[in-house]
Undergrad: 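First the structure, then my questions, so here it is.
Basis for what follows: all heavy atoms, side chains included, without hydrogens, waters or symmetry-related copies. Atoms within a ligand are numbered from 1 in the order they appear, just like the ligands themselves.
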Amino acid sequence: MFVSTKKLLLKAQREKYAVPHFNINNLEIMQGVVQAAVKLNSPIILATSEGAINYAGINFLHCLAETASELTSVPIAFHLDHGQDLNMIRRAIALGYSSVMIDASHDSFETNIKKTKQIVQLAHRKHISVEAELGTIGGAEDLVSSRTILYTDPAKAKEFVERTGCDFLAVAIGTSHGAYKFAGKAVLKQDILKQLRKKVNIPLVLHGASGVPSSLVKMAEHYGASLSGVEGVPDAQIRAAIAHGITKINTDTDLRLAFDAAVRKVIKRSPRDFDPRHILGPARELIQSVAEQRIRLFGSVNKA
Ligand code: G3H
Ligand code: 13P
Ligand code: ZN
């Protein structure tokens with residue numbers, strides 16, 4: 001049984017840590033992050049983007065997450081990340097996701113409110129909570145792309161939350177999706193976050209928060225990747241964001257980097273080995289260790 005995302009986040013808000021949200025696309029990624037949560041006794045949110053669903057199928061991903069939630073002792077919530085397609089959001093609600101995100105952040109303020117309100121009505125009928133986004137988080141991924149970052153306006157955020165009734169809010173304070181987050185120095189707008197926290201009482205979410213650890217980048221490059229110019233969010237800025245009120249942190253890129261580095265290593269070192277278990281097993285292990293580092297950074301150890 002999945003747990004309520006909202007319950008996990010309200011507890012985190014009271015106790016001042018952040019719940020890890022990990023994007024999953026397949027069995028090995030899911031198992032890696034769940035094993036990390038179990039080892040460290042942390043709650044965890046398993047999230048599927050529309051891209052993940054298009055790749056693996058919503059029923060397969062749902063089954064994987066549901067099996068994990070039945071076999072493990074730690075609380076697992078299941079979340080739709082960056083929902084933009086109304087049909088996809090409806091399917092997630094019907095399947096019993098713990099929460100859905102409606103991402104209408106690229107629309108006008110009024111359209112964003114209208115779309116978010118509609119999803120809140122649908123989801124709340126089934127006791128499913130809703131994450132919305134205001135401002136734009138930069139970066140470019142499959143279905144989530146934006147060139148410029150518009151920081152979230154604290155006064156508008158207050159109005160947005162009051163008018164939509166959303167349960168958590170993704171805020172734009174300088175992070176961006178993917179591995180190329182900052183052209184120069186990595187800076188998050190902690191002052192904006194502090195003002196947001198004063199104006200808005202619901203849990204706040206940080207997207208585009210991967211750290212892009214240099215050890216993973218070096219490993220991937222050693223085995224053939226070309227990753228010049230990558231830059232993540234430094235740990236110190238994540239800690240500050242948690243201190244200033246972030247209670248859900250999304251990580252996808254770091255898992256992808258771990259997967260990539262580990263797969264490249266086996267293929268390069270063992271060119272005669274074509275057993276998928278030998279190729280994907282080390283990726284699962286490296287994902288687990290990256291997820292453990294994230295859980296420690298977020299302060300959710302022993303919060304299960
Ligand atoms: O925030 C976006 C996530 O990293 C998902 O990316 O749409 O490529 O699956 P994706
Ligand atoms: P990263 O690309 O920084 O891992 O962010 C992932 C994310 O925000 C998923 O919603
Ligand atoms: Zn995101």
Undergrad: Show which atoms of ligand 2 fall inside a sub-4.0 Å distance from at least one heavy-atom site of H82.
TA: 10 (O)
Undergrad: Hey, is K181 one of the residues with a heavy atom under 4.0 angstrom from ligand 2?
TA: yes
Undergrad: State the atoms of ligand 2, each with its element, that fall below the 4.0 Å cut-off from a heavy-atom position in H207.
TA: 8 (O), 10 (O)
Undergrad: Find the distance between SG (C166) and CD1 (I202) and round it off to the nearest 0.5 Å.
TA: 4.0 Å
Undergrad: Indicate, as side chain, backbone, both or neither, the part of A209 found under 4.0 angstrom from ligand 2 when only non-hydrogen atoms are considered.
TA: backbone
Undergrad: Would you mind listing which atoms of ligand 2 come within a distance below 4.0 Å of any non-hydrogen atom of N23?
TA: 9 (C)
Undergrad: Go through the side-chain N and O atoms of N112 and S108 and say whether any donor and acceptor fall under 3.5 Å apart.
TA: no
Undergrad: Check whether any side-chain heavy atom of L80 lies under 4.5 Å from a side-chain heavy atom of T48, and answer yes or no.
TA: yes
Undergrad: Does K189 have more than 12 heavy atoms from other residues, nucleotides or ligands lying within 6.0 Å of its NZ?
TA: no
Undergrad: Answer with yes or no whether the side chains of N250 and N23 bring together a donor and an acceptor at under 3.5 Å.
TA: no
Undergrad: For the residue pair T136 and S105, what are the closest heavy atoms and their distance?
TA: CG2-O, 3.7 Å
Undergrad: So, do R296 and L40 sit near enough that their side-chain heavy atoms are less than 4.5 Å apart?
TA: yes
Undergrad: Take atom CG of D235 as the centre, draw a 6.0 Å sphere, and report whether it contains more than 12 heavy atoms from other residues, nucleotides or ligands.
TA: yes
Undergrad: Suppose I only count heavy atoms of H177 and a 4.0 Å limit; which atoms of ligand 2 are within that range?
TA: 2 (O), 5 (O), 6 (C), 7 (C), 8 (O), 10 (O)
Undergrad: Judged by non-hydrogen atoms, does H21 sit under 4.0 Å from ligand 1?
TA: no
Undergrad: Given H177, H207, R256, which has its nearest heavy atom closest to atom 6 (O) of ligand 1?
TA: R256
Undergrad: Could you list the atoms of ligand 2 found under 4.0 angstrom from a heavy atom of S210?
TA: 1 (P), 3 (O), 4 (O)
Undergrad: Counting from 1, what ligand 1 atoms have a heavy atom of S49 closer than 4.0 Å?
TA: 5 (C), 7 (O), 9 (O), 10 (P)
Undergrad: Which of the atoms in ligand 1, numbered in the order shown and given with their element, are less than 4.0 Å from a heavy-atom of D252?
TA: 3 (C), 4 (O), 5 (C), 6 (O)
Undergrad: Between the side chain of S49 and the main-chain N/O of A52, is any donor-acceptor distance below 3.5 Å?
TA: yes
Undergrad: For D81, is at least one N or O under 3.5 Å away from an N or O on ligand 2?
TA: yes
Undergrad: Can you find an N or O of T251 that's nearer than 3.5 Å to an N or O of ligand 2?
TA: no
Undergrad: Give the atoms of ligand 2, by number and element, whose distance to some non-hydrogen atom of G178 is under 4.0 Å.
TA: 2 (O)
Undergrad: Can you tell me if H82 has a non-hydrogen atom under 4.0 Å from ligand 1?
TA: yes
Undergrad: With carbon and hydrogen excluded and only N/O/S kept, which atom of H207 is nearest the Zn ion (ligand 3)?
TA: ND1
Undergrad: Same hydrophobic cluster for I45 and F168, using side-chain heavy-atom links shorter than 4.5 Å among ILVMFWY?
TA: yes
Undergrad: What I'd like to find out is whether the side chain of L27 reaches to under 4.5 Å of the side chain of L280, using heavy atoms alone.
TA: no
Undergrad: Within rounding of 10°, what is the angle whose vertex is the Zn ion (ligand 3) and whose arms end at NE2 of H82 and NE2 of H177?
TA: 100°
